[in-house]
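Basis for what follows: all heavy atoms, side chains included, without hydrogens, waters or symmetry-related copies. Fair warning: this is a prediction, and the values are worked out from it, not measured in the lab. Residue numbers begin at 1 in each chain, while the letters A, B, ... track the order of the sequences.
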Protein chains: 2
Amino acid sequence: MRLTFLDVKRLHIDTTPDTLIVMEDEVDRLVAAWRRERPDLDVEPLEVLSRVSRLARHLDRARRTAFAEHGLEPWEFDVLTALRRAGSPYQLSPGQLLTQTLVTSGTMTNRIDRLTGKGLVKRLPDPDDRRGVLVRLTDDGRDRADQALAGLLAHERALLAELSAGQQGELAGLLRQLVAPFDNVPG
Amino acid sequence: MRLTFLDVKRLHIDTTPDTLIVMEDEVDRLVAAWRRERPDLDVEPLEVLSRVSRLARHLDRARRTAFAEHGLEPWEFDVLTALRRAGSPYQLSPGQLLTQTLVTSGTMTNRIDRLTGKGLVKRLPDPDDRRGVLVRLTDDGRDRADQALAGLLAHERALLAELSAGQQGELAGLLRQLVAPFDNVPG
DNA sequence: GGTAGATATCTTGATGTCGAGATACTTGGG
DNA sequence: CCCAAGTATCTCGACATCAAGATATCTACC
């Protein structure tokens with residue numbers, strides 16, 4: 001008999017009811033529904049990838065709340081922290097920001113415009129390439145990024161309390177294997 | 001000495017170079033940058049959650065490509081398959097669709113309008129509640145959903161080829177623990 | 001050094017999403 | 001029976017994003 005992931009989950013519940021309780025989630029219900037409606041298909045991939053998508057969606061919402069405490073939108077955080085991470089003098093080209101934030105060039109132009117309007121970054125001409133621009137964090141932008149990062153980490157640490165340190169390491173490793181192919185090819 | 005996730009990764013590379021090669025990803029670089037710039041902070045949570053967000057982002061793009069082969073947008077797929085999963089007669093209220101797709105009511109109204117325009121769903125009055133509406137899949141909508149699902153599963157199975165079946169099960173289980181709290185409370 | 005093709009950024013128009021509020025109906029207490 | 005509060009859906013305006021194309025500049029090769 002072949003065990004599916006769902007079976008494994010139930011096994012945990014049945015055999016060790018007091019020490020290992022695994023809660024159902026929306027994806028369990030989704031997969032069960034597909035197995036009922038389309039028993040001819042192998043929907044195993046959804047067990048992983050639908051959870052990734054849904055978790056990301058929930059995280060987006062939680063992050064929006066966390067950043068609001070610091071008066072920042074998620075997209076503002078993404079850009080400011082990319083610059084912050086670059087280290088002094090906290091500047092990157094729009095093109096470098098694109099690859100880090102996974103948005104299109106039009107979007108980035110718009111973001112830089114708005115952040116400039118708020119005084120969090122400023123545009124400087126690239127001295128080595130007259131097509132180019134350097135986006136630099138202002139002092140205010142740097143402070144905001146630092147504060148928001150600390151807030152984010154506190155929130156996320158709380159979410160991860162569900163898992164032991166070892167489990168977090170395992171999870172990070174498995175996710176890395178899935179993400180790496182995307183991050184290491186041109187596509 | 002305490003090992004961080006990054007150390008564990010490097011350990012793999014150093015000790016078993018031929019059998020276990022772990023590729024770096026963008027999050028490794030991101031975490032390394034934070035450790036250099038903010039050595040005072042514990043950025044461990046990013047190892048998991050930043051990977052979830054970035055992977056989801058990549059998946060969105062890949063899914064967009066996969067669905068385009070069937071002439072569907074990702075949002076259309078989400079709605080059509082929610083109805084398909086409901087089983088015959090393939091109908092749900094807009095409210096039920098909201099909770100499954102994690103969008104707001106205004107968005108769902110708009111989606112139903114456009115799907116109706118394309119002839120993939122139709123609105124019926126709810127016989128038990130005159131405020132209510134039932135959204136029902138047309139035959140064409142059902143066929144499209146079935147075709148697109150098969151295509152999606154093929155694509156996703158390919159992405160997951162990086163992992164063994166056992167690893168996929170582990171990953172699904174760990175993700176479930178993180179998602180379940182979101183899915184099982186009102187929030 | 002001149003030119004074709006690559007590259008960096010910005011512009012534009014269309015579109016999907018959100019949030020807040022409006023509307024219509026239902027429910028439960030008095 | 002009536003009314004207040006709750007619920008289901010829709011409307012509307014603001015806004016962020018994207019894709020495609022425009023512009024300016026660089027690079028490499030002849």
Side-chain angles (χ1 to χ4, degrees), chain A residues 53 56-58 60-65 67-68 72-80 82 91-118 120-136 186-187, chain B residues 53 56-58 60-65 67-68 71-80 82-83 91-118 120-136 186-187:
Chain A
S53 291
R57 189 115 188 139
H58 287 300
D60 279 347
R61 292 181 165 192
R63 295 203 314 155
R64 181 174 300 275
T65 306
F67 295 144
L72 286 180
E73 300 288 323
W75 64 263
E76 294 178 304
F77 178 86
D78 286 344
V79 176
L80 296 180
Q91 62 184 20
L92 291 172
S93 70
Q96 291 174 306
L97 287 171
L98 291 193
T99 65
Q100 291 208 31
T101 56
L102 297 179
V103 298
T104 63
S105 65
T107 297
M108 188 51 68
T109 297
N110 186 11
R111 287 182 173 188
I112 297 167
D113 287 347
R114 285 175 282 154
L115 287 171
T116 301
K118 289 181 72 170
L120 300 179
V121 307
K122 58 186 166 189
R123 259 188 262 248
L124 304 171
D126 182 335
D128 301 327
D129 184 340
R130 273 185 295 180
R131 294 169 304 181
V133 168
L134 290 174
V135 182
R136 182 185 296 198
Chain B
S53 291
R57 189 114 188 140
H58 287 301
D60 279 347
R61 293 182 164 191
R63 294 202 315 155
R64 179 174 300 276
T65 305
F67 295 145
L72 286 180
E73 298 290 323
W75 64 263
E76 295 178 302
F77 178 85
D78 286 344
V79 177
L80 296 180
L83 294 168
Q91 62 185 20
L92 290 172
S93 70
Q96 291 174 306
L97 287 171
L98 291 193
T99 65
Q100 290 209 31
T101 57
L102 298 178
V103 298
T104 63
S105 65
T107 297
M108 188 52 67
T109 298
N110 186 11
R111 288 182 173 188
I112 296 167
D113 287 346
R114 285 175 281 155
L115 287 171
T116 301
K118 290 180 72 170
L120 301 179
V121 307
K122 57 187 167 190
R123 258 187 262 249
L124 303 171
D126 182 334
D128 301 328
D129 184 340
R130 273 186 294 180
R131 294 169 303 181
V133 168
L134 291 175
V135 182
R136 182 185 295 199

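- None of T101(B), L97(B), V121(B), V135(B) except one satisfies the side chain to side chain contact (heavy atoms under 4.5 Å, CB included) rule with R111(B); the exception is T101(B).
- In this structure, of dG16(C), dC18(D), dC10(D), it is dC10(D) that holds the atom nearest to the side chain of V133(B).
- Atom CZ of R111(B) is separated from atom P of dG16(C) by 10 Å (rounded to the nearest Å).
- Taking each heavy atom of R63(A) and P74(A) in turn, the nearest pair found is NH2-CB, 4.5 Å.
- Of the listed nucleotides (dT9(D), dT9(C), dC18(D)), dT9(D) has the atom at the smallest distance from the side chain of P94(B).
- Shown here for T109(B) and R123(B), the closest heavy-atom pair between the two residues is O-NH2, 4.1 Å.
- Looking at heavy-atom distances under 4.0 Å, R123(A) makes contact with sugar-phosphate atoms alone, never a base.
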Check nucleotides 21-26 of chain D against the protein and report each pair of N or O atoms closer than 3.5 Å, with its distance, or say if there are none.
{"residue": "dT25(D)", "atom": "O2", "partner": "R131(A)", "partner atom": "NH1", "Å": "3.4"}
{"residue": "dC26(D)", "atom": "OP1", "partner": "R130(A)", "partner atom": "N", "Å": "3.0"}

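- T65(A) is not listed as a side-chain neighbour of R61(A), based on a closest heavy-atom distance of 4.5 Å or more.
- Atom pair L115(B):CG and dC10(D):P shows a separation of 13 Å (rounding to whole Å applied).
- Using a 4.5 Å heavy-atom threshold, the side chains of R114(A) and W75(A) count as touching.
- The end-to-end axis angle of the helix from dG1(C)-dC30(D) to dG30(C)-dC1(D), rounded to 10 degrees and based on five pairs per end, is 20°.
- Between the C1' atom of dC18(C) and the CG atom of L98(B) lies a distance of 13 Å, rounded to the nearest Å.
- Of the side-chain N and O atoms in R114(A), one or more sit less than 4.0 angstrom from OP1 or OP2 of dT17(D).
- In this structure, E76(B) places its CD atom 15 Å from C1' of dT17(C), rounding to the nearest Å.
- Taking all atoms of both residues into account, the shortest heavy-atom contact from L115(B) to V79(B) is CD1-CG1, 3.6 Å.
- To the nearest angstrom, C1' of dC10(C) lies 9 Å from CG of D113(A).
- Dashed line: the shortest gap from a side-chain N or O of T104(A) to OP1 or OP2 of dC18(D) is under 4.0 Å.
- Within the 4.0 angstrom heavy-atom criterion, only backbone atoms of the sugar-phosphate kind lie near G95(A); the bases stay farther away.
- Counting any heavy atom pair closer than 4.0 Å across all strands shown, N110(B) reaches a base atom.
- Minimum atom distance to the side chain of R57(A) is reached by dC18(C), of the listed dC18(C), dT11(C), dC10(D).
- Scanning both residues, A82(A) and Q100(A), for their nearest heavy atoms gives CB-OE1, 3.9 Å.
- Residue D126(B) comes nearest to V133(B) through the heavy atom pair CB-N, 4.0 Å, listed as atom of the first residue, atom of the second, then distance.
- With rounding to whole Å, L102(B) atom CG is found 16 Å from dG16(C) atom C1'.
- Whole-Å rounding puts the M108(B) CE to dC10(D) C1' distance at 13 Å.
- Taking OG1 of T107(A) as the start and CG of L102(A) as the end, the distance is 11.5 Å to the nearest 0.5 Å.
- Here the C1' atom of nucleotide dT17(C) and the CD atom of E73(B) are 14 Å apart, to the nearest Å.
- Closest heavy-atom contact between L134(A) and P127(A): CD1-CD, 4.1 Å.
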